[in-house]
Amino acid sequence: MVSTTLALPVPAILGGPRAVTLDAREANRWPIITDEDVAAVAEVLRSGELSLHPVTRALEDDYRALLGVRHAVACCNGTSAIFAALHAFGLEPGDQVLCPSATYWASVMPVLWCGGVPVFCETETTQCGLDPADVERKITPRTKAMVIVHLWGMPSRMDELMTLARRHNLKVFEDASHAHGATWRGQPLGTFGDAAVLSLQTNKLAPAGEGGMLVTNDDAIAEHVTCLGHFERVIDLKTPARRFAGTGFGMKHRMSPLSAAVARTQLKHLAERNARRNENLAYLSQRLEPMGFNTFLPPPEAQRVYFMFMIENHEERTRIPTRLLVEALKAEGCDAAYPRYPLLHQQPVFTEDRFIDLARLRHLLRETLPTYRADDLPNTIAANQRLIQLPPFPRADRALLDQYVEAFEKVLAAANQIAASRAA
Ligand SMILES: Cc1ncc(COP(=O)(O)O)c(C=O)c1O
């Protein structure tokens, strides 16, 4: 009997044709700007009220309604809003703040400017947020607060984290910058902690260009952030803080009404645009999970959204190292990359003590920070090395997604050959 072997398609990295031939520019274009955005901005422009315009208050009303919170304060970006929220927590020099290392720097750097000491905790790999067990290990009598980041739009493990926070009387700040529209047990993210921020920067799910929405149910926090960064509103306060109307507390965090106009029209489309991403990524997940990838499917308690689509490569299942896989996928025409954020605890800001002097922070912190070591947080480091970033496909259709699936299939089928070609 003659045995025949079916020839496998040659992967592009070994000289074969690319799997992804469709033009993905439109499928991945973000933000989606239509005449509605243009008209909204034009209306503000024509009014000539380019600093103070009612559209900013209207945007805050939208967020209050969306999240069901008492206060929403529009800020010029998420970073300034995070600083304001943490400042309102009243950190004393040396107060410790539990936070993730796997996040964008703005989740953590404002802690330093409030005199606090970031204490980095491991990120767990089912929901991409703070690992409750490591958080619990790192709580000390000096711990004052916790920064919870709903990374990539995946809700963190809120039951355990909020239980710990209550038990130890910690303030909770939620960085919901990636998570517009996501819920945990039906409750919107951004409404669990003492205060939260949603970034409205261009890449985010409801973008303004630049902007950040600070939300809180706490009147004292709202009053503090108003005094800190919105001096023009201090006059409206019905509390003794009204006497600071002439100066505020010295910062200026006001959002541009042009940004607010964009943010309002974008927010109107949040649900429908989130749904498109979710539908596309549910499909891709369903195709990639059986190949051995973890696509971060949400647990039953969570309704997740997709700021980014990250997948985790388990080499023992796929038989190809992550770096090589990314290289091979790129050769196939996929927009694949390594994780977007470098781990914070490995950055010079934390590993070189001199930063504190360079940034003129010594007087705020008063005492030295702990020694941060680049090899701390071994689980987070290992998990980060397994991550691959793919586009969130905001407007893709099935044909493009199927070409991505084909690229993965081709590369995995030839994993041994690809690895051997590199070793040769
Ligand atoms: C997790 C996270 N937090 C905070 C920010 C800061 O927001 P902004 O860029 O609006 O200052 C960003 C993004 O840019 C972010 O990704």
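The model shown is predicted, which means the values in this text are computed figures rather than measured ones. Along the sequence shown, the residues carry numbers beginning at 1. When a ligand or atom number is given, it counts from 1 through the structure's own listing order.
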key: Ring geometry between H345 and F120 (parallel below 30°, tilted from 30 to 60°, perpendicular above 60°)   = tilted

query = Ion pair present between D357 and R354, side-chain N to carboxylate O less than 4.0 angstrom?
reply = no

Residue pairs passing the side-chain hydrogen bond (donor to acceptor under 3.5 Å, both in side chains) test where at least one lies in residues 264-273, sequence neighbours excluded = E36-K268, E36-H269, D37-T265, D37-Q266, D62-R264, Q266-R273, H269-E272

Side-chain atoms of residues 202-211: list all donor-acceptor pairs with protein atoms under 3.5 Å, sequence neighbours left out, distances to 0.1 Å.
from: T202; atom 1: OG1; to: G209; atom 2: O; distance (Å): 3.1
from: K204; atom 1: NZ; to: Q201; atom 2: OE1; distance (Å): 2.8

message = Between the side chains of R287 and E409, is the shortest nitrogen-to-carboxylate-oxygen separation below 4.0 Å, so that they form an ion pair?
response = yes

Please set out all donor-acceptor pairs under 3.5 angstrom arising from side-chain atoms of residues 104-111, sequence neighbours excluded.
from: S107; atom 1: OG; to: T103; atom 2: OG1; distance (Å): 2.7
from: S107; atom 1: OG; to: Y104; atom 2: O; distance (Å): 3.2
from: S107; atom 1: OG; to: D175; atom 2: OD2; distance (Å): 2.8

Go ahead and list the nitrogen or oxygen contacts between ligand 1 and the protein that come in under 3.5 Å, distances to 0.1 Å, or just say none.
from: ligand 1; atom 1: 3 (N); to: D175; atom 2: OD1; distance (Å): 3.4
from: ligand 1; atom 1: 3 (N); to: D175; atom 2: OD2; distance (Å): 2.6
from: ligand 1; atom 1: 3 (N); to: S177; atom 2: OG; distance (Å): 3.4
from: ligand 1; atom 1: 7 (O); to: S199; atom 2: OG; distance (Å): 3.2
from: ligand 1; atom 1: 10 (O); to: G78; atom 2: N; distance (Å): 2.8
from: ligand 1; atom 1: 10 (O); to: S199; atom 2: OG; distance (Å): 2.7
from: ligand 1; atom 1: 11 (O); to: G78; atom 2: N; distance (Å): 3.2
from: ligand 1; atom 1: 11 (O); to: T79; atom 2: N; distance (Å): 2.8
from: ligand 1; atom 1: 11 (O); to: T79; atom 2: OG1; distance (Å): 2.6
from: ligand 1; atom 1: 14 (O); to: K204; atom 2: NZ; distance (Å): 2.8
from: ligand 1; atom 1: 16 (O); to: H178; atom 2: NE2; distance (Å): 2.7
from: ligand 1; atom 1: 16 (O); to: Y341; atom 2: OH; distance (Å): 3.0

